[in-house]
Amino acid sequence: MAARVAILGTGRMGSAAAERLASQGYELILWNRTREKASTLAEKLGAKAVPAPFDAVQEAEYTLIFLSDEDAIYSVMSTFHRMDGAIIVNHSTITPHGSSRFQAFVESLGGCYVEAPVLGGPSTLRKGTALIVVAGKNRCKDAAKSVVGTLAGEIIDLGEEPEKAAALKLSFNSLLIGSVGLLAESLLLSQAYGIDSETVKKVLSKTVFGPVAEKYIDRMQRDPGEEASFTLALAMKDLDYALRTGFYKGLPQHLTAGALNLYRLGVRYGLGEADYTRIYHIIKGEKRE
Ligand SMILES: NC(=O)c1ccc[n+]([C@@H]2O[C@H](COP(=O)([O-])OP(=O)(O)OC[C@H]3O[C@@H](n4cnc5c(N)ncnc54)[C@H](OP(=O)(O)O)[C@@H]3O)[C@@H](O)[C@H]2O)c1
C-alpha cells in the first residue's frame with residue numbers, strides 16, 4: 001500500500017511536490033493556512049484536505065513542510081502534540097539556528113526531524129528532478145529517503161546535523177540571488193550603451209557566466225505581470241537569513257548586505273509577490289519615474 005504523506009503548505013513548492021507524489025501513487029493529506037488552496041488542490045489530485053496541521057501529521061507516516069519562513073513554521077509547529085514515530089521533513093529555507101530548534105522540538109514530542117532544503121524551483125519538484133541536500137539523524141534520514149527520493153533527481157547527504165543543510169542552502173541562495181542582482185546591473189550597463197541583450201548573451205555564452213545568462217537574462221526582462229516561481233519577498237528573506245547566519249559566525253558579508261538592501265527596496269515598492277528576477281526593473285528605475 002502507498003505511504004501516506006502530509007504536506008503542510010500548498011504554495012508553489014508544496015503544490016508542486018503534491019502533484020509529483022500523487023502521480024507516483026502516494027496518498028496525500030494536505031493542509032494550508034488559506035484553506036481553499038488545499039481543498040482545491042486535494043480535489044484535483046484525489047487527495048484529502050484537513051482543517052488543522054496536526055490533523056495531517058497524525059494521519060500520515062511522513063510530513064513534508066513547505067512554508068515561507070521560520071515564523072510560519074513556529075506558528076504551525078506550536079500546535080503539534082505528542083507524535084511518537086512521526087517523520088517531519090522540512091523543505092523550507094530556514095536558518096541553521098531555526099533548524100536546530102525545530103529538531104529539538106520535534107524530538108521532544110517523540111518525532112524524527114530531517115532538514116531537506118531544495119536547490120531548485122517548483123518545476124524540478126514537479127518532474128522529480130530536484131537537487132535536495134539532507135541532514136538529520138541517520139535513522140530519520142533513512143526513513144525519509146523513499147519520499148524525498150521521489151522529489152529528487154539527486155540527494156546529497158550532509159550528515160547528522162540538520163543545521164548544515166540549512167547553512168548550505170542559505171550560502172547557495174545568497175550566491176544565486178546576489179548573482180541575479182549583479183547580472184541585472186551588468187546587463188543594464190551594456191544596454192545603456194546600446195548593446196542589446198542578445199549580444200550580451202552571446203558574449204557571456206563564451207564565458208563562465210554562459211548558463212547563468214542563458215537562464216536569467218530573458219526571465220528578468222519578461223512581462224512583469226507573469227506568474228512568479230520564486231518571489232522577491234522570499235529572496236529577501238533568504239538574504240536576511242544568510243546575513244544573520246554569517247553574522248553569528250563573525251563573517252563580513254558586504255555583498256550579501258548590499259543585495260539585501262536592494263531586494264528590500266523591491267519589497268518596499270510593493271513587488272514582494274513578483275518574481276525575484278524583477279529586481280532588474282527595480283534597478284532600471286522603473287518605479288522612480
Ligand atoms: N519557489 C521556489 O523556487 C523555492 C525554491 C527553493 C526553496 N523555496 C523555499 O520553499 C518555501 C516555500 O516557498 P514557496 O515558493 O512555495 O512559497 P509560497 O508559494 O509563497 O507559499 C508559502 C506557503 O507558506 C504559507 N504560509 C506563509 N505564512 C504562513 C504562516 N504564518 N502560517 C502558516 N502558513 C504560512 C502560505 O500559506 P497561504 O497560502 O495561506 O499564504 C503558503 O502555503 C520557502 O521557505 C522558500 O524559501 C522556494
Side-chain angles (χ1 to χ4, degrees), residues 6-20 28-42 49-57 63-80 89-96 98-99 102 115-127 129-134 148 151-153 156 162 165-177 180 215-216 219 226-242 245 260 263 267 271-279:
I7 294 187
L8 306 185
T10 58
R12 292 169 183 82
M13 295 292 274
S15 60
E19 283 177 29
R20 170 69 181 166
L28 299 179
I29 303 118
L30 308 177
W31 174 83
N32 196 63
R33 177 180 62 175
T34 309
R35 282 180 71 171
E36 307 79 67
K37 277 198 207 167
S39 43
T40 306
L41 185 65
V50 291
F54 197 60
D55 294 345
V57 176
T63 296
L64 311 186
I65 300 180
F66 291 96
L67 296 172
S68 317
D69 54 23
E70 287 180 8
D71 284 350
I73 301 177
Y74 279 120
S75 71
V76 165
M77 272 199 189
S78 302
T79 66
F80 289 4
V89 182
N90 177 44
H91 293 289
S92 325
T93 305
I94 60 169
T95 64
S99 178
F102 296 139
E115 198 63 60
V118 181
L119 282 74
S123 65
T124 64
L125 286 179
R126 206 169 279 116
K127 290 185 280 195
T129 59
L131 173 59
I132 299 185
V133 290
V134 295
V148 176
L151 303 173
I156 296 179
L168 181 62
K169 167 66 185 177
L170 285 182
S171 61
F172 171 76
N173 266 26
S174 63
L175 176 63
L176 175 68
I177 299 163
V180 166
K215 183 153 183 192
Y216 290 105
R219 180 170 164 185
E226 268 188 54
E227 174 89 20
S229 78
F230 179 48
T231 64
L232 216 140
L234 289 180
M236 183 195 82
K237 175 263 301 184
D238 289 352
L239 291 171
D240 182 41
Y241 283 177
T245 298
L260 174 59
Y263 282 81
V267 171
L271 296 172
E273 285 308 302
D275 195 70
Y276 78 114
T277 60
R278 183 85 204 272
I279 208 66

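Every number for a ligand or one of its atoms is a count from 1 in the order of the listing. For clarity, every value in this text was computed on a predicted model and none was experimentally measured.
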Checklist entry - When the ring planes of F54 and F80 are compared, do they come out parallel, tilted or perpendicular, using 30° and 60° as the limits? => result tilted
Checklist outcome for this item: protein heavy-atom neighbour closest to atom 39 (O) of ligand 1 works out as K37 NZ, 2.6 Å
Item to check | ligand 1 to S68 polar contact by distance, N or O atoms, under 3.5 Å | outcome: yes
Next on the checklist: Need the ligand 1 atom indices (1-based, order shown) with element for anything under 4.0 Å from a heavy-atom of G121.
Outcome noted: 3 (O)
Checklist entry - Is it true that a side-chain atom of S99 and a backbone atom of T95 form a donor plus acceptor pair closer than 3.5 Å? => result no
Checklist outcome for this item: OH (Y241) and OG (S174) are apart, to the nearest 0.5 Å, by 15.0 Å
Item to check | T34, any N or O under 3.5 Å of ligand 1 N or O | outcome: yes
Next on the checklist: Just to be sure I read this right, does ligand 1 sit under 4.0 Å from the backbone of K169, its side chain, both, or neither, counting only heavy atoms?
Outcome noted: side chain
Checklist entry - Quick one: does K237 get an N or O within less than 3.5 Å of an N or O on ligand 1? => result yes
Item to check | Short side-chain to backbone donor-acceptor contact, Y276 and V180, under 3.5 Å | outcome: no
Item to check | Donor-acceptor pair between R219 and S229 side chains, under 3.5 angstrom | outcome: yes
Next on the checklist: Show the atoms of ligand 1 that are less than 4.0 angstrom away from any heavy atom in G11.
Outcome noted: 16 (O), 19 (O), 21 (O), 43 (O)
Checklist entry - Going from CG on L168 to CD on E115, what distance comes out if it is rounded to the nearest 0.5 angstrom? => result 11.5 Å
Checklist outcome for this item: Of R12, R35, M13, the one whose closest heavy atom lies nearest atom 10 (O) of ligand 1 is M13
Checklist outcome for this item: Near G120 (heavy-atom distance under 4.0 Å), the atoms of ligand 1 are 5 (C), 6 (C)
Checklist entry - Looking only at N/O atoms, are L67 and ligand 1 under 3.5 Å apart anywhere? => result yes
Item to check | Heavy-atom gap T10 to ligand 1 smaller than 4.0 Å | outcome: yes
Checklist entry - How far is atom 41 (O) of ligand 1 from its nearest protein heavy atom, and which residue and atom name does that atom have? => result R33 NH2, 2.9 Å
Item to check | Proximity winner for atom 35 (C) of ligand 1, if only heavy atoms of A38, A16, A72 are counted | outcome: A72
Checklist entry - In Å and rounded to the nearest 0.5 Å, what is the OH to CG distance from Y263 to L239? => result 7.0 Å
Checklist entry - Any side-chain heavy-atom pair from V148 and H91 closer than 4.5 angstrom? => result yes
Item to check | Enumerated ligand 1 atoms positioned under 4.0 Å from heavy atoms of S75 | outcome: 32 (N)
Next on the checklist: So is S15 touching ligand 1 or not, going by heavy atoms under 4.0 Å?
Outcome noted: no
Checklist entry - Per the side chain to side chain contact (heavy atoms under 4.5 Å, CB included) rule, which among R278, K237, M236, E273 passes with T231? => result E273
Checklist entry - With backbone taken as N, CA, C and O and side chain as the heavy atoms from C-beta onward, which portion of P117 lies under 4.0 Å from ligand 1: side chain, backbone, both, or neither? => result neither
Checklist entry - Side chain of S75, backbone of A72: donor and acceptor closer than 3.5 Å? => result yes
Item to check | Contact atoms of ligand 1, heavy-atom distance to N32 under 4.0 Å | outcome: 37 (O), 38 (P), 39 (O), 40 (O), 42 (C), 43 (O)
Next on the checklist: Using only atom types and a distance under 3.5 Å, with no angle test, would you say the side chain of W31 pairs donor to acceptor with the backbone of I7?
Outcome noted: no
Checklist entry - Is L176 close to Y216 at the side-chain level, that is, under 4.5 Å between some pair of heavy atoms? => result yes
Checklist outcome for this item: Looking only at heavy atoms, the pair that brings D238 and F230 closest together is OD2-CZ, 3.5 Å
Next on the checklist: Judged on heavy-atom distance to atom 23 (C) of ligand 1, which of F66, Y74, W31 sits nearest?
Outcome noted: F66
Checklist outcome for this item: Nearest heavy-atom contact between V89 and A116 is CG1-CB, 3.6 Å
Item to check | Interfacing atoms of ligand 1 (cut-off 4.0 Å, heavy-atom, G9) | outcome: 43 (O)
Checklist entry - Is D71 in polar range of ligand 1, meaning some N or O pair under 3.5 Å apart? => result no
Checklist entry - Which atoms from ligand 1 have a heavy atom of S229 less than 4.0 Å away? => result 1 (N), 2 (C), 3 (O)
Checklist outcome for this item: Restricting to heavy atoms, the pick from L234, D275, I65 nearest atom 17 (O) of ligand 1 would be L234
Checklist entry - Can an N or O of T93 be found at a distance shorter than 3.5 Å from an N or O of ligand 1? => result yes
